[in-house]
**Student:** 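This is the structure I want to talk about, given as structure tokens.
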Amino acid sequence: MSGPLAARDVFRNPWHFLAYGFGAGLARRAPGTAGTVVAIPIYLLVQLGGIWFYLGFTLAAFFAGIAICGYTARKMGIDDPSGVVWDEIVGYLISMAAAPLGVLWIVAGFVLFRLFDIWKPWPIRVLDRRVKGGLGIMLDDVVAGLFTA
């Protein structure tokens, strides 16, 4: 397989389904933004478990994301497919790890994370260009999340 995935492929394969952010990555415009929108209810649910659960979940999602994103990218034959948005979900979770609860913080985290992810200031741009595979897909969003936090 080479090129973008069809919706049927995303919804039939659990690896692709997760990589595509439960289908958000299928958005024709701004799939990364759609993936970040999907991260908001995940954030709201996970933060209910307390900080240690939140950090453990986020860490597990990061390591799972290396495999999930890497698998889908290899199957597609594309280094960092735009539809793969699991990395945006994890990046947003990192962004919000220390944020107080509240709509203003959710929106501020969303906007700042998207800006860092799109603009890719140093060292995000360097990581994005030099680190490949699942780790490369995840790492630039992790750093964008750290910048946001």
Side-chain angles (χ1 to χ4, degrees), residues 1-49 53-97 99 103 105-121 123-149:
M1 176 185 316
S2 183
L5 294 177
R8 71 177 177 279
D9 297 321
V10 170
F11 288 105
R12 286 183 183 163
N13 183 314
W15 289 84
H16 299 329
F17 183 65
L18 290 172
Y20 266 62
F22 313 103
L26 292 168
R28 291 187 189 273
R29 291 185 179 209
T33 300
T36 308
V37 168
V38 167
I40 294 171
I42 295 170
Y43 157 73
L44 291 170
L45 285 173
V46 175
Q47 61 83 27
L48 293 173
F53 177 78
Y54 187 95
L55 294 174
F57 180 91
T58 303
L59 189 63
F62 166 71
F63 284 113
I66 294 170
I68 291 165
C69 296
Y71 172 84
T72 296
R74 278 190 310 279
K75 290 294 183 183
M76 294 175 69
I78 301 171
D79 282 338
D80 190 353
S82 61
V84 170
V85 297
W86 183 266
D87 51 329
E88 272 80 14
I89 293 170
V90 173
Y92 183 75
L93 291 175
I94 291 168
S95 298
M96 300 304 290
V103 173
W105 294 104
I106 291 169
V107 172
F110 180 90
V111 170
L112 286 173
F113 174 71
R114 291 307 301 144
L115 287 175
F116 285 125
D117 190 32
I118 292 166
W119 287 344
K120 298 192 185 316
I124 299 170
R125 179 175 289 120
V126 173
L127 292 169
D128 186 52
R129 290 181 181 161
R130 294 190 182 165
V131 183
K132 300 300 177 194
L135 179 61
I137 293 170
M138 294 298 298
L139 210 49
D140 66 308
D141 290 272
V142 165
V143 177
L146 291 171
F147 276 29
T148 302

**Student:** Salt bridge check: are Arg125 and Asp128 linked by an N-O gap of less than 4.0 Å?
**Tutor:** no

**Student:** What distance do Ile89 atom CD1 and Ile40 atom CD1 have between them, rounded to the nearest 0.5 Å?
**Tutor:** 11.0 Å

**Student:** So, do Asp117 and Lys120 sit near enough that their side-chain heavy atoms are less than 4.5 Å apart?
**Tutor:** yes

**Student:** What's the spacing between Lys132 NZ and Leu127 CG if we round to 0.5 Å?
**Tutor:** 11.0 Å

**Student:** Quick one: do Ile42 and Phe57 satisfy side chain to side chain contact (heavy atoms under 4.5 Å, CB included)? Show the steps, please.
**Tutor:** CA-CA 10 Å; Ile42 295 170; Phe57 180 91; 4.1 Å; yes

**Student:** Could you state the interatomic distance from OH (Tyr43) to OG1 (Thr36), rounded to the nearest 0.5 Å?
**Tutor:** 14.5 Å

**Student:** Table please: side-chain donor-acceptor pairs of residues 142-149 below 3.5 Å, with sequence neighbours left out.
**Tutor:**
from, atom 1, to, atom 2, distance (Å)
Thr148, OG1, Phe113, N, 3.4
Thr148, OG1, Ala144, O, 2.9

**Student:** Holding to side chain to side chain contact (heavy atoms under 4.5 Å, CB included), I want the full list of residues that pass it with Arg8, two or more places apart in sequence or in another chain.
**Tutor:** Ala6, Arg12

**Student:** Checking side chain to side chain contact (heavy atoms under 4.5 Å, CB included) against Tyr20, which of Leu5, Val38, Asp9 comes through?
**Tutor:** Leu5

**Student:** Are the side chains of Phe110 and Met96 in touch, meaning some heavy atoms are under 4.5 Å apart?
**Tutor:** no

**Student:** Can you tell me how the ring of Phe22 sits relative to the ring of Phe17, calling it parallel under 30°, perpendicular over 60° and tilted otherwise?
**Tutor:** perpendicular

**Student:** Looking at every non-hydrogen atom in both residues, tell me the closest pair between Val85 and Ser82 and how far apart they are.
**Tutor:** CG1-O, 3.8 Å

**Student:** How about Thr72 and Trp86: do any of their side-chain heavy atoms sit closer than 4.5 Å?
**Tutor:** no

**Student:** Compare all side-chain heavy atoms of Val84 with those of Ile137 and state whether any distance is below 4.5 angstrom.
**Tutor:** yes

**Student:** Grab the two heavy atoms, one from Gly83 and one from Pro31, that are nearest each other, plus how far apart they are.
**Tutor:** CA-CB, 4.4 Å

**Student:** What's the shortest heavy-atom distance between Ala73 and Asp79, and which atoms?
**Tutor:** CB-O, 3.8 Å

**Student:** Work out which heavy atom in Pro4 is nearest to a heavy atom in Met76; give both atom names and the distance.
**Tutor:** CA-CE, 3.6 Å

**Student:** Tell me which donor-acceptor pairs under 3.5 Å the side chains of residues 58-71 have, and how far apart each pair is, sequence neighbours excluded?
**Tutor:**
from, atom 1, to, atom 2, distance (Å)
Thr58, OG1, Tyr54, O, 2.8

**Student:** State, yes or no, whether a side-chain contact exists between Val90 and Asp141 at a heavy-atom distance under 4.5 Å.
**Tutor:** no

**Student:** What heavy-atom pair brings Gly23 and Phe11 nearest, and what distance separates the two atoms?
**Tutor:** CA-CZ, 4.1 Å

